Amino acid sequence: MSTWDEADPPAPPPTGPLRAVVAVLRGVLLILWLVLAIAIYLPLKWVQPLLGGRRPRYAVMRLWARGSLRLIGLRRIVHGTPPPDGAALVANHSSWLDIMAFCSIGRTVFVAKSEVADWPAIGWCARMMDAMFVERRSSAAARQKLEMAERLAQGQQLLFFPEGTSTDGQRVLPFKSPLFAAFSDMESGVKIQPVAAIYVPAPHLPATFYGWWGDMSLGGSLWTLLAHSYGGTLHLSFAPAVEAADFAGRKELARHCGEQVRAHWALHSPAGQAITIS
């Protein structure tokens, strides 16, 4: 995964004593909310084989994500029809907040690079949430395609970020077509649904406030959000699902999905359209 750094991050708003106190309190609430969710989620995951196909742990994950977004000052609005079980999602990638955004909609499983599995804390959380870790080696391609097909058959919603990096949230980078190759070899009937995530800050904040890119640290980004994120809106806009068999190849499929994400981004962004990089 590359790092996008073609624009300078905005200087964070000044954080006075009152804002700092509020940030600490919100941070404590976020931690307590996460601990409570994990305490309920993990036992439900362990007993899932005994539940006859029911998966209540996903309801816990959705509740955690929606509550966390509220604590961070984001109101969530969903446009279009969310994906059915066993569909693949392809989306633009603006921020680490995308984890909460897409966990809030269903049985989302993130497809991440293999290195993420070894990251402190984040790797453990990703494994707990059944993230699929992919390798760049060609020798792993066949095994990974089989695993994708199995996960989709189990009803999981595999989420891909074909841009390959997060951005300032004001643009949609070209979708990389190799990520779509696996769908071409699967049986027909697998749904691929483009979805745009649009973060709209309060009017007094810069348009790029919720973006996360370049060498921005996770801790610094979180602190800024806890101190200053109020009155923001997250739009999740779902385009119609398609099938790989309807396209001549992975490049055409990638181009179509990218165009759909840009179009839905434009519908709900104050800027009117995402900046397109060709």
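All of these numbers come straight from a predicted model, not from anything done at the bench.
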**Request:** Treat each ILVMFWY residue as a node, draw an edge where side-chain heavy atoms are under 4.5 Å apart, and state whether V22 and V24 are in one component.
**Result:** no
**Any W212 side-chain heavy atom under 4.5 Å of L97 side chain** = no
**Message:** Count I, L, V, M, F, W, Y as connected when their side-chain heavy atoms are under 4.5 Å apart, and connections chain through other members. Are W223 and M216 then in the same cluster?
**Reply:** no
**Asked** Does any N or O in the side chain of S68 come within less than 3.5 Å of the main-chain N or O of W64, such that one atom is a donor and the other an acceptor?
**Response** yes
**Request:** Can you establish whether the number of heavy atoms outside R75 located under 6.0 Å from its atom CZ is more than 12?
**Result:** no
**Request:** Ignoring hydrogens and angles, tell me if any N or O in the side chain of T108 forms a donor-acceptor pair with the backbone of F102 under 3.5 Å.
**Result:** yes
**Prompt:** If you take all heavy atoms of L69 and M100, which pair is closest and at what distance?
**Reply:** CD2-CB, 3.8 Å
**Request:** Would you confirm whether T224, through its side chain, and G220, through its main-chain N or O, come within 3.5 Å as a donor-acceptor pair?
**Result:** yes
**Message:** Show, in sequence, the C-alpha distance, side-chain angles and deciding distance for F175 and F161, and conclude whether the ring-ring contact (aromatic ring centres under 6.0 Å, His included) test is met.
**Reply:** CA-CA 8 Å; F175 278 14; F161 294 120; 9.7 Å; no
Please output the side-chain donor-acceptor pairs of residues 191-209 that fall under 3.5 Å, not counting sequence neighbours, one pair per line with the distance.
{"residue": "K191", "atom": "NZ", "partner": "E243", "partner atom": "OE2", "Å": "3.1"}
{"residue": "Q193", "atom": "NE2", "partner": "T81", "partner atom": "O", "Å": "2.8"}
{"residue": "Q193", "atom": "NE2", "partner": "A239", "partner atom": "O", "Å": "2.9"}
{"residue": "Y199", "atom": "OH", "partner": "D98", "partner atom": "N", "Å": "3.2"}
{"residue": "Y199", "atom": "OH", "partner": "D98", "partner atom": "OD1", "Å": "2.6"}

**Item:** Closest non-hydrogen atom pair, A101 against L236
**Value:** O-CD1, 3.5 Å
**Message:** Membership question, hydrophobic clusters at under 4.5 Å side-chain separation (ILVMFWY): are L146 and M132 in the same one?
**Reply:** no
**Fill in**
Between R62 and I105 the two heavy atoms that sit nearest each other are CD-C, 3.9 Å
**Prompt:** Does a side chain donor of either W213 or T165 reach within less than 3.5 Å of an acceptor in the other side chain?
**Reply:** no
**Asked** Under 3.5 Å, is there a donor-acceptor pair between the side chain of R66 and the main chain of S104?
**Response** yes
**Asked** Do H93 and S166 get their side chains close enough for a donor-acceptor pair, meaning under 3.5 Å?
**Response** no
**Asked** Do the side chains of L30 and L226 get nearer than 4.5 Å, heavy atoms only?
**Response** yes
**Asked** Do H79 and H235 have a side chain donor and acceptor closer than 3.5 Å?
**Response** yes
**Prompt:** Are V60 and M128 co-members of a hydrophobic cluster defined by side-chain heavy atoms under 4.5 Å apart?
**Reply:** yes
N/O donor-acceptor pairs under 3.5 Å from side chains in residues 247-257, not counting sequence neighbours:
{"residue": "R250", "atom": "NH1", "partner": "S177", "partner atom": "OG", "Å": "2.6"}
{"residue": "E252", "atom": "OE1", "partner": "A248", "partner atom": "N", "Å": "3.2"}

**Linked, directly or transitively: I40 and W46 (ILVMFWY side chains, under 4.5 Å)** = yes
**Message:** Nearest 0.5 Å, please: how far is CD in Q156 from CE in M148?
**Reply:** 12.0 Å
**Message:** Once rounded to the nearest 0.5 Å, what's the spacing between atom CE of M61 and atom CG of D130?
**Reply:** 8.0 Å
**Request:** Hey, could you give me the CG/CG distance between L152 and D85, rounded to the nearest 0.5 Å?
**Result:** 10.5 Å
**Request:** Could you grab the distance from atom NZ of K45 to atom CZ of R55, nearest 0.5 Å is fine?
**Result:** 12.0 Å
**Prompt:** Given the rule in the side chain to side chain contact (heavy atoms under 4.5 Å, CB included) test, do F238 and H264 qualify, once you have shown the distances and angles that lead to the verdict?
**Reply:** CA-CA 8 Å; F238 293 89; H264 280 254; over 6 Å; no
**Request:** Return yes if a side-chain donor-acceptor contact under 3.5 Å exists between R57 and Y41, otherwise no.
**Result:** yes
**Asked** Do the non-hydrogen side-chain atoms of T233 and L74 ever get within less than 4.5 Å of each other?
**Response** no
**Message:** Within the structure provided, determine whether M129 and C103 are in side-chain contact (heavy-atom separation under 4.5 Å).
**Reply:** yes
**Asked** Any donor-acceptor pair under 3.5 Å linking the side chain of S269 with the backbone of A266?
**Response** no
**Message:** For R19 versus Y230, what's the shortest heavy-atom pair and its separation?
**Reply:** NH1-CE1, 3.0 Å
**Request:** Would you please test Y210 and L234 for side chain to side chain contact (heavy atoms under 4.5 Å, CB included) and show each step?
**Result:** CA-CA 10 Å; Y210 291 105; L234 163 65; over 6 Å; no
**Message:** Tell me if a side-chain donor or acceptor on Q157 pairs with a main-chain N or O of R107 at a distance below 3.5 Å.
**Reply:** yes
**Request:** Report the C-alpha separation of L225 and W96 in whole Å, then their side-chain angles, then the decisive distance to 0.1 Å, and conclude whether the side chain to side chain contact (heavy atoms under 4.5 Å, CB included) test is met.
**Result:** CA-CA 12 Å; L225 264 59; W96 58 270; 3.9 Å; yes
**Prompt:** What is the distance from atom CG of L51 to atom CG of L44, rounded to the nearest 0.5 Å?
**Reply:** 7.5 Å
**Message:** Would F183 and F160 count as a side chain to side chain contact (heavy atoms under 4.5 Å, CB included) here? Give the steps.
**Reply:** CA-CA 12 Å; F183 301 124; F160 298 80; 3.6 Å; yes
**Prompt:** Is there a side-chain contact between W33 and V28, using heavy atoms and a 4.5 Å cut-off?
**Reply:** no
**Complete:** Interatomic distance, CZ@R26 vs CD1@I72, rounded to 0.5 Å, equals 7.5 Å
**Prompt:** Minimum heavy-atom separation for E163 to T167, with atom names?
**Reply:** OE2-CG2, 4.4 Å
**Least distance between heavy atoms, F133 atom then A126 atom** = CZ-CB, 3.8 Å
**Request:** Start with the C-alpha gap between E135 and R143, add the side-chain angles, then the distance that decides, and say whether salt bridge (Lys or Arg N to Asp or Glu O under 4.0 Å) holds.
**Result:** CA-CA 10 Å; E135 304 174 33; R143 173 182 56 80; 3.2 Å; yes
